[in-house]
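These values consider heavy atoms only, across backbone and side chains, with no hydrogens, waters or symmetry-generated copies. Everything numeric in this text was worked out from a predicted model, so none of it was measured. Chain naming here is simple, since letters A, B, ... match the order of the sequence lines and numbering starts at 1 in each.
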Amino acid sequence: MNKQIKTPESGVDADAIIKEAVSLVGRFNRRHFLKQFATLGGLSLLTGCSISDHDGVEKLLAQVSRFNDKAQAWLFDPNKLAPTYSKSQITRPFPFNAYYSEAEVPQVDAADFQLDVSGRVSNHKSWTLAELQALPQVEQITRHICVEGWSAIGRWHGVPFSEFLKRIGADTSAKYVAFHCVDDYFTSIDMATALHPQTQLTLGFDGQPLPARYGFPLKIRIPTKLGYKNPKHVQAIQITNIYPGGYWENQGYNWFGGS
Amino acid sequence: MSGSLTSISNTTPENSDKIKPAMIHPLWLRLTHWVNALAVLILIGSGWRIYNASPLFGFSFPDDITLGGWLGGALDWHFAAMWILAANGLIYLLFNGVSRRFWHKFSPLSPRAVWSDIKAALRSRLSHAEASRYNSVQKAAYLFVVLDLVLLVLSGLVLWKSVQFSTLAFLLGGYETARYVHFCSMAFLLGFITIHLLMVLLVPRSLLTMIRGR
């Protein structure tokens, strides 16, 4: 997705906005008002714009978003598989997507790379890329759905994430799995999704080692979650009961981000 | 007053006052109408902003007439107002079913009657003398918008949770098709709203009826 940061206008003085709105509305004659009223644009001008800048409304919306986390966790079926597709349905070229441009993609040296594991695990040892590649691997052709609305079908290879959780002796009664990435991106997921059969520690894309633009050396592929919950260039995994948040989630995207 | 208009409000003592005109819209109908109007306004305003993040067609909506300020804000508005729309819509359908208002208000309805009423309306010969009864064009339009809102909710469920509602996603032609279904049913809703508001401007009494009930 494109880098979208909240505009600084979100902090403007609400009283000043209301004063300005009142003076603007006062200037409308009845006919102008009706003309505006008859259009939807006019309607949203009358109601929407200044409301969203209001602190109380933002807090209320954040609370609804937490409620929506719970609703999605309740709706999530740990045995329900995302649809899979044939090779001919793969989207080519598969789109590049990050909070930065393709020219800024991190170039990770495979020889130096290690995946750190921390938190509620019994085996804290770090993993080299060769050690990860030696684990049993599976393949999936699934649909990646972006929060922006577009979607693309890709083919990913890697270790079932539940299998990896077993190897590190993860406490699967913990609430969260947090991911930290080489490019300073970070996100976190619920344990139920981490244990889902299609959640994958991905090392390859479409028969090749994972290319840099898709997250070399490893990404987490989760077909039951939106794109921003599928971190690339992952270098640290933490099992925790403390809410870890995420890069986009901390700016206002819904945390659960299920699909 | 016809039997179709049984409601909580017409059991109150003031209804025995014969000077007052008959109750046309019971209180539950007026409440669900205005709550629905607010929810639809929020959903369309924020929906346009979400559309702009990845437009399906060769145009975007001007950001100034959208709601939410950015994609994350618009999604928050959209996924908050959806609960209001859904809960309010269920209450509306439930009351319509229990009071049998649907049956009394919308039947009989035939394509021929709709066509002859459209012709009459275009020649300005359609009577609005009795506001308690819908003409065939009104019946068709209101039934259409109820079904269109149902389609918006169903396609919205697919976009929100295409894996969890995979059967529904399949029935609507998959995730990508559901995006077009959702957009087109929004456009149809917009068409309804435009005509609906024009009619209110032509027959302003109908606005008062939807506020006061009489």
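- Within residues 148-170 of chain B, the residues that have a heavy atom under 4.5 Å from a heavy atom of chain A are B/Trp160, B/Lys161, B/Ser162, B/Val163, B/Gln164, B/Phe165, B/Ser166, listed by number.
- Counted within 6.0 Å of CZ on B/Arg123, heavy atoms from surrounding residues, nucleotides or ligands total more than 12; the atom is thus considered enclosed.
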What do the steps show when you test A/Val64 against B/Phe79 for side-chain contact (heavy atoms from CB on, under 4.5 Å), and what is the final call?
CA-CA 8 Å; A/Val64 177; B/Phe79 293 149; over 6 Å; no
Test side-chain contact (heavy atoms from CB on, under 4.5 Å) applied to B/Leu71 and A/Trp248, step by step:
CA-CA 11 Å; B/Leu71 175 59; A/Trp248 286 112; over 6 Å; no
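- Interface residue A/Phe76: backbone and side-chain heavy atoms are both found under 4.5 Å from chain B.
- B/Ser54 approaches A/Glu148 most closely through the heavy-atom pair CB-O, 3.3 Å.
- Neither the backbone nor the side chain of A/Leu60 comes within less than 4.5 Å of any heavy atom in chain B.
- Of all the heavy atoms in B/Arg179 and A/Trp150, the pair that sits closest is NH1-CA, 3.6 Å.
- Using a 4.5 Å cut-off between non-hydrogen atoms, the part of residues 82-91 of chain B that approaches chain A consists of B/Met82, B/Trp83.
- Highest contact tally toward chain B, considering only A/Pro83, A/Ser65, A/Ala82, A/Gly149, is held by A/Gly149 [criterion: heavy-atom pairs under 4.5 Å].
- Remark: A/Lys80 NZ is packed, more than 12 non-hydrogen atoms of other residues, nucleotides or ligands lying under 6.0 Å away.
- For B/Phe183, the CZ atom is densely surrounded, since the number of other residues' heavy atoms within 6.0 Å is greater than 12.
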